[in-house]
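Read through the structure below, which is laid out as structure tokens, and then see the notes.
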Amino acid sequence: MPESYLRHAYNASKIVRRHIKRYGKKKIRRQKEHVRNAFCLHKSGISSKILRVKLTQLRLYAIKLALYGGGLLYLAGDLFWWQGPLWSTLHQESEEAQQQIRNTAIEVYGEKISHNGLQRFTAEQACICGQQPANITKRARNTLITDLLIRLKTRYNDSSVPDFAQEATAAVTEAESRAASPEAFAQQLQTHGYTKNTFTQMLAVIMREQYYLQETLKQHYTVSDTEAATLAAYLADRLVMPTHRHVRHIFLATADKDTNTIQQQAEQLLKQLQACDSPETLTATFTELAAQYSQDPRTAQTGGDLGDIYVYPTPPLPELHLFGPEAIPAHRPGILRSPWGIHIILAGEIIPPRPLTREEYEPSLRTAIESYKRAEALNSWIKLNTAEAHQKNKIRYHEQ
């Protein structure tokens, strides 16, 4: 061991003993740290001048403060003065966010409705209702919010809602079969901004939403026997079967097709029906031809059966004269034109009004009560979920 090291250790021990007597243990603890540093610095060959430097806690704090302060000054200069790389990155992201906010009209649980989408939907609703867009803006906005809430709730309960992909595909295929050609059907979808795949996906989403609402609300619109009996007693004097007659039709669509060709096909079918010699044969033949040629998917498989048509102030088909002095004869088929195409009509006898039996009116009463309770349950569901979203501040409006 070098003699200088022993001499330095001996001098250090003398310093420690002297300070114990003079300052006590608190100073000695600090002095021991200096002695330890001195040993390490001496052992590593550092000169004796550096040994005299005492790195106190205050000096270490000053160094840290200088480093942190320099970093903060750089950040402040980058963000507020010379606009360095950090400012450029943050500014680019904020510009994109601001642009997205400017294009957003409504935000519901993070899902956005653009100003263009709101204006387009408002214009469509105004055209349907025959009103000015400014008068129904609020109603259109609430309708979009409701649709979005239903979509989000359906998505949240995705595991309990079945997939309607096959049903949607079948519905699109059936609609395509009624068009003049697959190309014409695709062109018609394109005018509305859809492709065949996106239109199928949209139908599947709508079916899922309807199923979710039905399963969620079905417990609220169950009709009891007491409710049906109460309504029947209230409407006892008005439960009368009005004048009506049974109607069937064979529908031939003329959209995107040659009207003359469709007219000739309708006349050929009419000749086959006119060749029947009895009402029973006429009904059977009409049923077969409707199942084979009718393009109305709701009635084709039931022989073109439209059911009983009643006397209304505004009939469903004004062109079809079923009652009055110009009523079409019973069991005599005829051709009728409508905005949708050509109809071959077969009407039955005109049945005069009579009182209804319980077996006849009870299903209709239950259906009426169920429809009313379903509408009330849906309105309550919409109000509850909309109020909850507003309370959580999850519905936000952005002015353009």
Side-chain angles (χ1 to χ4, degrees), residues 128-131 221 223 227-254 263 266-267 269-270 273-274 276 278-291 293-376:
I128 294 174
C129 301
Q131 300 182 14
Y221 55 80
V223 182
E227 292 173 331
T230 302
L231 184 59
Y234 177 75
L235 299 175
D237 298 335
R238 287 172 280 181
L239 294 176
V240 178
M241 175 73 74
T243 302
H244 64 282
R245 64 192 306 187
H246 200 83
V247 180
R248 297 175 182 270
H249 83 147
I250 298 174
F251 174 65
L252 303 175
T254 56
Q263 181 69 30
E267 291 175 354
L269 295 176
L270 181 62
L273 295 172
Q274 290 174 344
C276 299
S278 67
E280 293 77 12
T281 306
L282 176 61
T283 302
T285 305
F286 196 97
T287 301
E288 295 177 359
L289 294 178
Y293 295 102
S294 181
Q295 296 176 352
D296 182 0
R298 296 172 298 177
T299 63
Q301 301 305 318
T302 59
D305 191 0
L306 291 173
D308 293 331
I309 306 297
Y310 300 92
V311 176
Y312 290 114
T314 304
L317 287 175
E319 304 88 351
L320 183 59
H321 300 287
L322 294 176
F323 308 99
E326 299 180 358
I328 60 177
H331 307 298
R332 187 179 300 175
I335 294 178
L336 171 69
R337 281 183 173 273
S338 74
W340 303 279
I342 298 176
H343 307 257
I344 302 175
I345 300 295
L346 178 63
E349 299 287 346
I350 298 177
I351 302 176
R354 61 174 179 83
L356 290 171
T357 63
R358 180 175 179 178
E359 290 75 13
E360 290 176 331
Y361 68 69
E362 187 171 359
S364 299
L365 287 182
R366 287 183 175 274
T367 301
I369 296 173
E370 183 178 332
S371 299
Y372 175 77
K373 296 181 73 172
R374 183 187 291 111
E376 289 294 318

After noting the C-alpha distance and the side-chain angles of L273 and L346, does the key distance pass the side chain to side chain contact (heavy atoms under 4.5 Å, CB included) rule? CA-CA 10 Å; L273 295 172; L346 178 63; over 6 Å; no

Apply side chain to side chain contact (heavy atoms under 4.5 Å, CB included) to residues T299 and F251 and explain how you reach the verdict. CA-CA 9 Å; T299 63; F251 174 65; over 6 Å; no

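Between H343 and H249, the ring-plane angle classifies as parallel under the 30° and 60° cut-offs.
The CE atom of M241 sits 13.0 Å away from atom OH of Y361, with the distance rounded to the nearest 0.5 Å. We find the CZ-NZ distance between R366 and K373 to be 10.5 Å, quoted to the nearest 0.5 Å. Note that CZ of R248 is 12.0 Å distant from CD1 of I345, once rounded to the nearest 0.5 Å. I309 CD1 to T243 OG1: the interatomic distance, rounded to the nearest 0.5 Å, is 13.5 Å. Note that NE2 of H246 is 6.0 Å distant from CG of D308, once rounded to the nearest 0.5 Å. Considering CD1 of I328 and CG of L336, their distance stands at 8.0 Å, rounded to 0.5 Å.
Of all heavy-atom pairs spanning A327 and I350, the tightest one is CB-CD1, 4.4 Å. Annotation for R354 and V240: closest pair O-CG1, 3.2 Å, computed over non-hydrogen atoms. Heavy atoms only, all atoms of each residue included: R337 and Q263 are closest at NH2-OE1, 3.1 Å. Contact record, A330 with G348: CB-O, 3.5 Å, taken as the closest heavy-atom pair. Between C276 and T281, the closest heavy-atom pair is SG-O, 3.9 Å. Between L282 and P333 the shortest heavy-atom distance is CD2-CD, 4.1 Å.
Other residues, nucleotides and ligands contribute at most 12 non-hydrogen atoms within 6.0 Å of the OH atom of Y293.
Classification of R374 and E370 as a salt-bridged pair holds, one side-chain N sitting under 4.0 Å from a carboxylate O.
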